[in-house]
K.L.:
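This is the structure I want to talk about, given as structure tokens.
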Amino acid sequence: PGLLTFILYFYYCNMKFLIIRFSSIGDIVLTTPAIRCLKKQVAGAEIHFVTKLSMKAVTIANPYIDKFHYLDKNLDALINELKKEKFDYVIDLHKNFRSYKIRRRLHAKVLSYKKLTLQKFLLTQFGINVMPGIHISQRCIQSLQSLHVYDDGEGLDYFIPSTERVKDSDLPASHLFGFIAVVIGGTYHTKKLPADKLRQLCSMIQFPLVLVGGKEDAEEGNAIAAIDDVKIYNACGKFSLNESADIVRSSRCVISHDTGLQYIACAFQKPVFAVWGGTSPKLDVEPYYGTKHSSLHKNFMVYGLRCQPCSNYGTKQCPLGHFKCMKLQDVAAIAQNISALLK
């Protein structure tokens, strides 16, 4: 083992790696264990990361990334920029047309994760589950096996710039001694609880709540907060992504749909009550804390639905029109589990 370590040190030392993951917030966060393990275990590794310009905030403070490259609109211009770096390896953790085009034109060695497109298609379209049961974060690390990189078991990372911390004065005084973060947003309709279910849930929880989401969620947040504007503070649209992440970091626990902030909560080792609709943990994407840490999450699903999951990412409307996966959610059970945790 000593000789092997010595040989590997000199073979991989000072190599330059490009990691590709264009989006989304959650998917980028799920790649962070692979980024960290590569940086810490390959001596002198110089790690570059390419993502969409709109995703800049997600990784900007990550200390394991040496240089960032951003895709705005012009892929060819990005590729010409990347060519100048002369990478030894391209690590494709996205695997789509754009990442393939980058790989082909950089002429570097390529490593990529198992995307499991066929397995996901069988699960979402026919209910046939042949998923391997290996979390996507672990599959990202497994793509680095030829570099002798292994899973350190530490789970996900998320780093908040010091300039984007939330001050005590930014939250109501009634919430400074503890609150629950409720992530009400979601990219797609089928990943979100209907507004009436969210209002029921929030009315059942006897603890200060902070609603977290984007500007597009502000109006719905106001309707929910109107139930009790002392207990419920609507932060939707008032804070940046990293400030919202800091709210999650400061919370006692997090209720979340299948969104990026769910995984950010895991990075801070927060208990997560994950509410699943059109997507499912069966897709090997449930909250992840790393093998060295205890699992702190609980999944809430409507069991027995043959149509669930109906999509890898969610859809704009229920394909069958009934939306039972969210309309039949037992919000009383979620509230009871939160009460038990806080006690």
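Keep in mind it's a predicted model, so treat the numbers as computed, not measured. Start at 1 with the first residue, then count along the sequence.
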K.L.:
Remaining members of Phe126's ILVMFWY cluster at a side-chain heavy-atom cut-off under 4.5 Å?
P.N.:
Leu118, Phe121, Leu122, Ile128, Val130
K.L.:
Let me see the working for His94 and Ser23 under side chain to side chain contact (heavy atoms under 4.5 Å, CB included), right down to the final yes or no.
P.N.:
CA-CA 8 Å; His94 200 123; Ser23 62; 4.0 Å; yes
K.L.:
Going by heavy atoms in the side chains, are Leu241 and Ile25 under 4.5 Å from each other?
P.N.:
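Yes; the side chains approach each other to less than 4.5 Å.
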K.L.:
Is there a path of hydrophobic side-chain contacts, each under 4.5 Å between heavy atoms of I/L/V/M/F/W/Y residues, joining Phe87 to Val50?
P.N.:
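Yes, Val50 connects to Phe87 through the hydrophobic network.
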K.L.:
Would Thr279 and Asn312 satisfy side chain to side chain contact (heavy atoms under 4.5 Å, CB included), going step by step from the backbone distance to the final call?
P.N.:
CA-CA 6 Å; Thr279 57; Asn312 295 346; over 6 Å; no
K.L.:
Under a 4.5 Å cut-off applied to non-hydrogen side-chain atoms, are Leu341 and Phe273 in contact?
P.N.:
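Yes - at least one pair of side-chain heavy atoms lies under 4.5 Å apart.
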K.L.:
Check which hydrophobic residues are tied to Val230 through side-chain heavy-atom contacts below 4.5 Å, counting indirect links as well, and list them.
P.N.:
none
K.L.:
For Asp66, what residues pass the side chain to side chain donor-acceptor pair (under 3.5 Å) criterion, not counting sequence neighbours?
P.N.:
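Counting only residues at least two positions away or on another chain, Asp66 forms a side chain to side chain donor-acceptor pair (under 3.5 Å) with Lys39.
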K.L.:
Checking Trp276 against Asn299: is there a side-chain donor and acceptor pair closer than 3.5 Å?
P.N.:
yes
K.L.:
Which is it for Thr59 and Asn62 under the side chain to side chain donor-acceptor pair (under 3.5 Å) test, yes or no, and what are the steps along the way?
P.N.:
CA-CA 5 Å; Thr59 53; Asn62 191 322; over 6 Å; no
K.L.:
Under the rule for side chain to side chain donor-acceptor pair (under 3.5 Å), what residues qualify as partners of Lys120, not counting sequence neighbours?
P.N.:
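Partners of Lys120 under the side chain to side chain donor-acceptor pair (under 3.5 Å) test: none.
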K.L.:
Using 0.5 Å steps for rounding, measure from the OG atom of Ser99 to the CD1 atom of Ile20.
P.N.:
5.5 Å
K.L.:
Students often mix this up, so state it plainly: with edges at 30° and 60°, are the rings of Tyr288 and His135 parallel, tilted or perpendicular?
P.N.:
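Geometry flag for His135 against Tyr288: parallel rings.
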K.L.:
Does anything in residues 156-178 form a side chain to side chain donor-acceptor pair (under 3.5 Å)? List the pairs, not counting sequence neighbours.
P.N.:
Arg36-Asp157, Tyr158-Asn242, Glu164-Ser240, Glu164-Asn242, Arg165-Asp246
K.L.:
Given side chains that start at C-beta, do those of Lys282 and Met131 come closer than 4.5 Å, heavy atoms only?
P.N.:
no
K.L.:
Is it the case that the ring center of His48 lies less than 6.0 angstrom away from the ring center of Phe17?
P.N.:
no
K.L.:
Can you confirm whether more than 12 heavy atoms, excluding those of Tyr150, are under 6.0 Å from its OH atom?
P.N.:
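No - once you tally the heavy atoms of other residues, nucleotides and ligands closer than 6.0 Å, there are 12 at most.
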K.L.:
Hey, what do you get for CG (Leu75) to CD1 (Ile102), rounding to the nearest 0.5 Å?
P.N.:
5.5 Å
K.L.:
Between Asp27 and Arg21, is there a salt bridge with N-O shorter than 4.0 Å?
P.N.:
yes
K.L.:
I want to check a possible cation-pi pair here: Arg98 against Phe22, using under 6.0 Å from ring centre and within 45° of the ring axis as the test.
P.N.:
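The answer is yes, since Arg98 meets both limits relative to Phe22.
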K.L.:
Got a salt bridge between Lys67 and Glu46, using NZ or NE/NH1/NH2 to carboxylate O under 4.0 Å?
P.N.:
no
K.L.:
Could you pull out all residues at least two apart from Lys101 that satisfy side chain to side chain donor-acceptor pair (under 3.5 Å)?
P.N.:
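With sequence neighbours excluded, Lys101 shows a side chain to side chain donor-acceptor pair (under 3.5 Å) to Asp76, given in chain and number order.
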K.L.:
Under 6.0 Å from the NZ atom of Lys231, do we count more than 12 heavy atoms belonging to anything else shown?
P.N.:
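Counting other residues, nucleotides and ligands, NZ of Lys231 exceeds 12 neighbours.
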K.L.:
Just so I know, are the side chains of Met326 and Lys192 near enough to count as touching, which here means a heavy-atom distance under 4.5 Å?
P.N.:
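Heavy-atom side-chain distance check fails, nothing below 4.5 Å.
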K.L.:
In chain order, what residues pass the salt bridge (Lys or Arg N to Asp or Glu O under 4.0 Å) check against Arg103, with sequence neighbours excluded?
P.N.:
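Checked Arg103 against salt bridge (Lys or Arg N to Asp or Glu O under 4.0 Å); matches are Asp92.
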K.L.:
Output a table of donor-acceptor pairs, distance under 3.5 Å, between side-chain atoms of residues 177-189 and any protein atom two or more places apart or on a different chain; print 'none' if there are none.
P.N.:
none

K.L.:
Are Ile47 and Leu18 packed together at the side-chain level, in the sense that at least one heavy-atom pair is separated by less than 4.5 angstrom?
P.N.:
no
K.L.:
Does Thr259 offer a backbone N or O that forms a donor-acceptor pair with the side chain of His257 under 3.5 Å?
P.N.:
no
K.L.:
Can you name the salt bridge (Lys or Arg N to Asp or Glu O under 4.0 Å) partners of Lys270, sequence neighbours left out?
P.N.:
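With neighbours one apart ignored, the set is empty.
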K.L.:
With sequence neighbours excluded, what pairs up with Lys238 under the salt bridge (Lys or Arg N to Asp or Glu O under 4.0 Å) test?
P.N.:
none
K.L.:
Verify whether one side chain among His297 and Glu286 offers a donor that lies under 3.5 Å from an acceptor in the other.
P.N.:
yes
K.L.:
Just how far is it from atom CG of Leu144 to atom CD1 of Ile91, taken to the nearest 0.5 Å?
P.N.:
5.0 Å
K.L.:
Does atom NZ of Lys298 have more than 12 heavy-atom neighbours from other groups under 6.0 Å away?
P.N.:
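For Lys298, atom NZ is not crowded (no more than 12 foreign heavy atoms under 6.0 Å).
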K.L.:
Backbone N or O of Ala77 within a donor-acceptor pair of the Asn80 side chain at under 3.5 Å?
P.N.:
no
K.L.:
Going from CD on Glu154 to NZ on Lys292, what distance comes out if it is rounded to the nearest 0.5 angstrom?
P.N.:
4.5 Å
K.L.:
Kindly compute the distance separating CD1 (Ile255) from CD1 (Ile338), expressed to the nearest 0.5 Å.
P.N.:
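Answer for the CD1-CD1 pair, Ile255 versus Ile338, is 3.0 Å.
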K.L.:
Could you tell me whether the side chain of Gln317 and the main chain of Thr190 form a donor-acceptor pair under 3.5 Å?
P.N.:
no
K.L.:
Any chance OH of Tyr100 has more than 12 other-residue heavy atoms, nucleotides or ligands included, within less than 6.0 Å?
P.N.:
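Result for OH/Tyr100: open.
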K.L.:
I need the Thr51 OG1 to Leu93 CG distance, nearest 0.5 Å.
P.N.:
11.0 Å
K.L.:
Tell me whether Asn337 contacts the main-chain N or O of Ala333 through its side chain, where contact means a donor paired with an acceptor under 3.5 Å.
P.N.:
yes
K.L.:
Which atom pairs, one a donor and one an acceptor, fall under 3.5 Å between side chains of residues 198-213 and the rest of the protein, sequence neighbours left out?
P.N.:
unit_1	atom_1	unit_2	atom_2	d
Ser203	OG	Arg199	O	3.3
Ser203	OG	Gln200	O	2.7
Gln206	NE2	Ser203	O	3.2

K.L.:
With no hydrogens and no angle check, is any side-chain donor or acceptor of Ser251 less than 3.5 Å from a backbone partner on Val248?
P.N.:
yes
K.L.:
Determine whether Ile160 and Ile65 fall in the same hydrophobic cluster, where Ile, Leu, Val, Met, Phe, Trp and Tyr are linked whenever their side-chain heavy atoms lie under 4.5 Å apart.
P.N.:
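Yes.
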K.L.:
Should side-chain heavy atoms under 4.5 Å link Ile, Leu, Val, Met, Phe, Trp and Tyr, which residues sit in the same cluster as Val302?
P.N.:
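ILVMFWY cluster around Val302 also holds Leu305, Leu328.
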